[in-house]
There are 2 protein chains.
Amino acid sequence: MNLRERKKQRTRDALLRAALELFATRGYDETTVDDIAAAVDVSQRTFFRYFAGKEETAFFVPRLAEGLVVQALQVRPPDEAPLEALRRAVLESWDTISEAVEEIVPIDLHLRVYRVIESTPALFAAHLRRSAELEEQLARIIAEREGLDVDADPRPRIVVALFGGVIRVTERLWSAGDELSLAGMRQLTTTYLDQVGPALAGNWRTEQSP
Amino acid sequence: MNLRERKKQRTRDALLRAALELFATRGYDETTVDDIAAAVDVSQRTFFRYFAGKEETAFFVPRLAEGLVVQALQVRPPDEAPLEALRRAVLESWDTISEAVEEIVPIDLHLRVYRVIESTPALFAAHLRRSAELEEQLARIIAEREGLDVDADPRPRIVVALFGGVIRVTERLWSAGDELSLAGMRQLTTTYLDQVGPALAGNWRTEQSP
DNA sequence: AGGCTAGTGACAGCCACTGACAATTGACAA
DNA sequence: TTGTCAATTGTCAGTGGCTGTCACTAGCCT
């Protein structure tokens with residue numbers, strides 16, 4: 001790796017970390033691109049040469065995570081039921097995420113940023129859009145596993161939509177609570193996914209939720 | 001109604017219609033607030049006195065629609081199953097929407113704008129966020145119907161998430177196709193909702209989708 | 001060593017949006 | 001009717017995200 005390359009890499013990482021640190025402490029809207037650039041002592045123009053926009057920095061880790069989920073789902077044994085495959089793919093990817101990112105961004109920092117994402121309208125909206133795109137990818141993979149045509153058969157998209165919905169509900173709850181750890185997220189997710197059956201079956205009034 | 005009030009109303013409607021017309025023909029990003037203001041011959045500042053932002057104009061009709069859905073769900077007989085109540089509330093609200101809006105915005109214009117919403121990243125993201133907020137409201141109503149505590153029992157949010165997911169899938173399909181009518185939307189929605197059961201049950205490979 | 005080029009900074013400009021202040025216009029009472 | 005008050009509007013200036021342009025500098029390669 002060149003000196004030039006290394007320098008670029010360092011600038012990029014510095015910008016990223018500075019941005020996330022500022023978002024986590026001061027808030028997203030309260031952080032200007034000039035602030036970020038100043039923290040790394042480069043011009044604002046340089047920031048925009050590394051990132052397409054302020055938003056992109058906030059979604060650096062989520063972006064990596066999405067890639068991991070897709071990969072994980074692709075290697076799931078095809079005889080698993082769709083919901084089961086999705087569940088395992090997500091849980092697996094969380095096992096990998098720390099080591100995949102830690103070098104560049106301390107995952108603890110990301111967890112703080114995640115809270116900012118959930119509580120900042122502009123970021124939350126962007127988050128949902130990214131999720132929608134991810135779900136489209138997942139639906140295609142599921143369809144392929146099952147030997148179906150995504151555009152002809154609604155079922156892959158429906159299952160993924162249900163799964164994504166549950167994930168989003170747990171994300172909200174998790175980020176609103178104070179158990180900000182991967183373990184906590186794991187816990188919440190599994191219990192919520194276990195509720196899918198009960199939620200869709202039977203009469204709620206005759207059965208208690210755990 | 002005052003002359004003053006009437007004048008305000010007229011300006012507001014004119015801005016709204018001009019904005020939607022421009023979005024539908026030229027595209028959202030290609031339309032500046034100055035364009036909209038100029039089309040109505042008021043200053044840009046006046047536009048911002050009527051609307052919090054460019055985005056707000058694009059979501060005028062959806063906003064009304066959301067209100068109708070909430071209302072419709074609230075008056076559903078409480079002995080209906082949650083998914084059934086949601087389905088009927090939505091279909092009912094679509095019966096009402098035309099007459100509720102037509103005076104201000106031709107519903108045909110809105111359908112064209114809706115396509116813009118789905119195909120413009122910034123608007124699509126905003127749309128998803130609005131949907132998330134609506135789903136939260138619906139979940140609370142469902143919980144109340146069933147005599148449950150939304151924050152203690154996951155099931156209301158899960159059902160609503162599933163329902164919302166299906167709706168969003170159909171919205172995408174509908175806006176991507178060329179049957180841009182309320183009837184077409186209705187049709188798609190009912191058949192997709194009918195697929196929820198099959199999608200979650202049984203083995204996909206042994207059963208065909210209609 | 002010297003030419004080449006990627007990376008950068010400085011500057012100008014667009015667009016969404018906001019605050020402040022002055023001018024205008026409708027409302028309402030004397 | 002007229003004068004006063006309050007609501008509406010336009011103008012101006014400024015902030016922040018983002019982009020194009022251009023000259024300059026620092027690392028690369030022969």
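We name chains A, B, ... by the order of the sequence lines, and we start the count at 1 in each one.
One interatomic measurement links the two molecules: CZ of R49(A) to C1' of dG17(D), which rounds to 16 Å at whole-angstrom precision. Taking atom NZ of residue K8(B) and atom P of nucleotide dT24(C), one finds them 21 Å apart after rounding to whole Å. Spacing between atom CG of D34(A) and atom P of dC11(C) amounts to 14 Å, rounded to whole angstrom units. The distance between atom CD of Q44(B) and atom P of dT8(D), rounded to the nearest whole Å, is 20 Å. Taking atom CD of residue E5(A) and atom C1' of nucleotide dC29(D), one finds them 15 Å apart after rounding to whole Å. Spacing between atom CG of N2(A) and atom P of dG27(D) amounts to 11 Å, rounded to whole angstrom units. M1(B) places its CE atom 17 Å from the P atom of dA7(D), with the value rounded to the nearest Å. Protein atom NZ of K7(B) is 12 Å distant from nucleotide atom C1' of dA7(D), rounded to whole Å.
A side-chain donor-acceptor contact under 3.5 Å links S93(A) to the backbone of V90(A). Formation of a donor-acceptor pair under 3.5 Å by the R172(A) side chain with backbone atoms of E118(A) is found in this model. Here the side chain of T120(A) pairs no donor or acceptor atom with the backbone of L123(A) at under 3.5 angstrom. With K54(A) contributing its side chain and T31(A) its backbone, the two residues share a donor-acceptor pair below 3.5 Å. Not one N or O on the side chain of R140(A) forms a donor-acceptor pair closer than 3.5 Å with the backbone of P156(A).
R45(B) contributes a side-chain N or O that forms a donor-acceptor pair with the base of dG19(C) under 3.5 Å.
Using a 4.0 Å heavy-atom cutoff across all strands shown, Y50(B) reaches sugar-phosphate atoms only and no base atom. Base engagement by S43(A) is indicated by at least one non-hydrogen atom pair under 4.0 Å involving a base atom.
Taking only side-chain atoms of K54(A), from C-beta outward, the nucleotide of dG7(C), dG17(D), dT9(D) with the closest atom is dG17(D). With distances taken from any side-chain atom of F48(A) to the nucleotides dT8(C), dG7(C), dG17(D), the minimum falls on dG17(D).
For G53(B) and R4(B), each mapped to the nucleotide of DNA chain C holding its nearest heavy atom, the one lying further toward the 5' end belongs to G53(B).
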